[in-house]
Peer 1: 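Before I ask anything, let me first share the structure, which is written out below as C-alpha cells.
Computed from a prediction, not measured in an experiment: that's the story for all the values here. Quick note: numbers below take in every heavy atom, side chains included, and nothing from hydrogens, waters or symmetry partners. Throughout, a chain's letter reflects where its sequence line sits, starting with A, and its residues are numbered from 1.
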2 protein chains.
Amino acid sequence: MTTSITAVDVTTVQERVYRELRGALQQGRLVSGQSMTVRALARAVGTSEMPVREALRRLIAEGALIQAPNRSFQVIPMTPDRLVELTRVRVALEGMAARLATTNVDQELIETLTRLNAEMREAIEPTRADDVLRANQEFHFTIYRAAKSPQLLELIDMLWLRSGPYLADMLRGRMDAREIFRRGTVVHGRLIRAMARQDADGVARALTLDMERTAEFSMKHLTATATRPRRAAIAA
Amino acid sequence: MTTSITAVDVTTVQERVYRELRGALQQGRLVSGQSMTVRALARAVGTSEMPVREALRRLIAEGALIQAPNRSFQVIPMTPDRLVELTRVRVALEGMAARLATTNVDQELIETLTRLNAEMREAIEPTRADDVLRANQEFHFTIYRAAKSPQLLELIDMLWLRSGPYLADMLRGRMDAREIFRRGTVVHGRLIRAMARQDADGVARALTLDMERTAEFSMKHLTATATRPRRAAIAA
DNA sequence: TGGATCGATCTGTGATCACACGCAGCGGCA
DNA sequence: TGCCGCTGCGTGTGATCACAGATCGATCCA
C-alpha cells in the first residue's frame, strides 16, 4: 500500500509498531502536536516498551516526531514557516520525480492513474476522508514510483510523513476542504494527459499547481487555528 | 561542528553513540559495505547494547546503514546507480539552498567562506584528508545554513551522511583525488564571488559544477573498484 | 581422505528490572 | 489563609536476562 522506507525482511514487532504508528500519522489519527508515552503505546499494541522505543526513534529520525526536552514524544506541530519550507522542498523533489516518470510511461501507468483519480473523485462527495486521502496519496506515489529512483522516493515519502498528519486532520475538520480536493482531481486529469504525451514540463506544471493550491489552503486553515490547543485521545 | 538532525537537550548515551558513529561515517572510518554488530559496538564505546541499538536504528532510518536479512548491520554499499541518484537529488536540493542563501548574504558569510576555502586549499597538498573533508563540508554547510531553512538543511545533511563514507574512503585511497579537490577550491572561489554579488544563478552554477565533477570522479573510482571486497577493522 | 551433518556460539530481538528526574499535589508553617 | 517545600508517581533511559535462529567449524562415517 504505502512505500516503506527501511524494509526488513522478517516482520519484527518493532516493524509492526512502526507501521502502525506510521499509518496512524498518515490517516490523521495522531494529530499535529499530540503527545504520547512509551508505556501507553506499549500497552496499546500489547508489547513491551522496547519495540515501541525503537519505532519512535525511527520516526524521530524521519522528522515525523520530536522529543520535548525531558518530556514525552509528540507529533511535530505544524507552523506556517514549516509549511512553506515543506512545500518548497516538495515542489522541487516531486516535480523532479514526475519529470523522470515521463520517461517510463506505459499504458498500465495511465490506466492506474485514471482509476485512482476516479476513486478519489467518488470519495469526495460523501466525504469519506480516509478514502480521499488514500486515493490521493496512491495517485501521487504511483507517479513517483514510476521515476524508478529509490533515493528520491524515500525522501518524498519522508516529506509526506511530515505533512500528512496535518493534512489529514485538516480535511476532517473543514468541509470546504472538499473543494480543494475536487479541484485537485481536475488538475490530476490534466496531469494524466500530459503524462500520456510524455510532456515533462506539463506534468511538472500540473503537479506544482496541485501542491501550491493545497498549501495555500492549508496556510489559511493554519493561521485561522494557530493557537488552538489540540488534545486528542491516544488511539493506536 | 556538523549539523545535528534531531537534537536532544540533555546529552544521553544514545546520543553520544549516535554522534560517534556519525562521525566515523563522515570521516570514512566506517567504509562502504562494512558490517558491525551491536555487542561489539557496545563494548567499544563501553555501554550496554540498548543505546547502540537505538543509535543504529536512527542511522538506518536516515539511510546511512542497512540491515541485511537476519544479519548484522552494515554501511550501505555504494553503487553506480546509487551515486547517480544521490547526485541528482543533491544538485536539486543544494542548488536550491544556495539560491536561498544569496538573499541572506552578509560580510561575515563571505569572510567565513573565504577562510574555509583557504583552509581546505592548504590541507590538500600535505594530504591531510580529514582536514580537507572537514573544511569542504564546513564550507558547503555554511552556505546551506545561510538558506535559513531547517527542513532543507536536514535533508541535505542526510544526503551527505549517505555519500560521505564513500567519499572519505575514496580520498584516502587515491592520491589523484587531490586534483579534484584542488579544482574544487577554484570553483569555490567562483562561488564566493557570485555569492558576494548575490548572483543566485552563478552560485547554483558553480555549486552544480563542483558536485558533478566530484561525482564524475567518484564514478570512475567506483567502477574501477567495483567488486573489491572491503573488510576494515571496527574502529569506534 | 573428503564430504555431510550436528552442535556450540554468536547475533538480533524482546522482556523485565532499576534508576534518575521532573512535576504535581498535598501538607505544614508563618 | 496563603505560600513554600517535600514526597509519590509517572516518565524516559540504560542494564541485564532470555530466546530463537543462523552460521561456521569440527568431527565422524563411508
Peer 1: May I ask you to verify if any side-chain N or O of B:Gln67 is less than 4.0 angstrom from the OP1 or OP2 atom of C:dT13?
Peer 2: yes
Peer 1: Would A:Arg43 and A:Glu49 count as a salt bridge (Lys or Arg N to Asp or Glu O under 4.0 Å) here? Give the steps.
Peer 2: CA-CA 8 Å; A:Arg43 265 201 309 275; A:Glu49 313 161 7; over 6 Å; no
Peer 1: For A:Arg16 and A:Thr11, what are the C-alpha separation, side-chain angles and deciding distance, and is it a side-chain hydrogen bond (donor to acceptor under 3.5 Å, both in side chains)?
Peer 2: CA-CA 7 Å; A:Arg16 190 168 57 86; A:Thr11 299; over 6 Å; no
Peer 1: What is the ring orientation for A:Trp160 with A:Phe141, classed by angle as parallel under 30°, tilted 30 to 60°, or perpendicular over 60°?
Peer 2: perpendicular
Peer 1: Taking 4.0 angstrom as the limit, do B:Arg19 and B:Glu15 come out as a salt bridge?
Peer 2: yes
Peer 1: Polar-atom pairs under 3.5 Å, protein N or O versus N or O of nucleotides 14-18 of chain D: list them with distances, or write none.
Peer 2:
| residue | atom | partner | partner atom | Å |
| --- | --- | --- | --- | --- |
| D:dG14 | OP1 | B:Thr12 | OG1 | 2.1 |
| D:dG14 | OP1 | B:Val13 | N | 2.4 |
| D:dG14 | OP1 | B:Gln14 | N | 3.3 |
| D:dG14 | OP2 | B:Thr12 | OG1 | 3.2 |
| D:dG14 | N7 | A:Arg53 | NH1 | 3.3 |
| D:dG14 | N7 | A:Arg53 | NH2 | 3.2 |
| D:dA15 | OP2 | B:Ser48 | N | 2.8 |
| D:dA15 | OP2 | B:Ser48 | OG | 3.0 |

Peer 1: A:Tyr144 vs A:His140 aromatic rings, parallel, tilted or perpendicular, using cut-offs 30° and 60°?
Peer 2: tilted
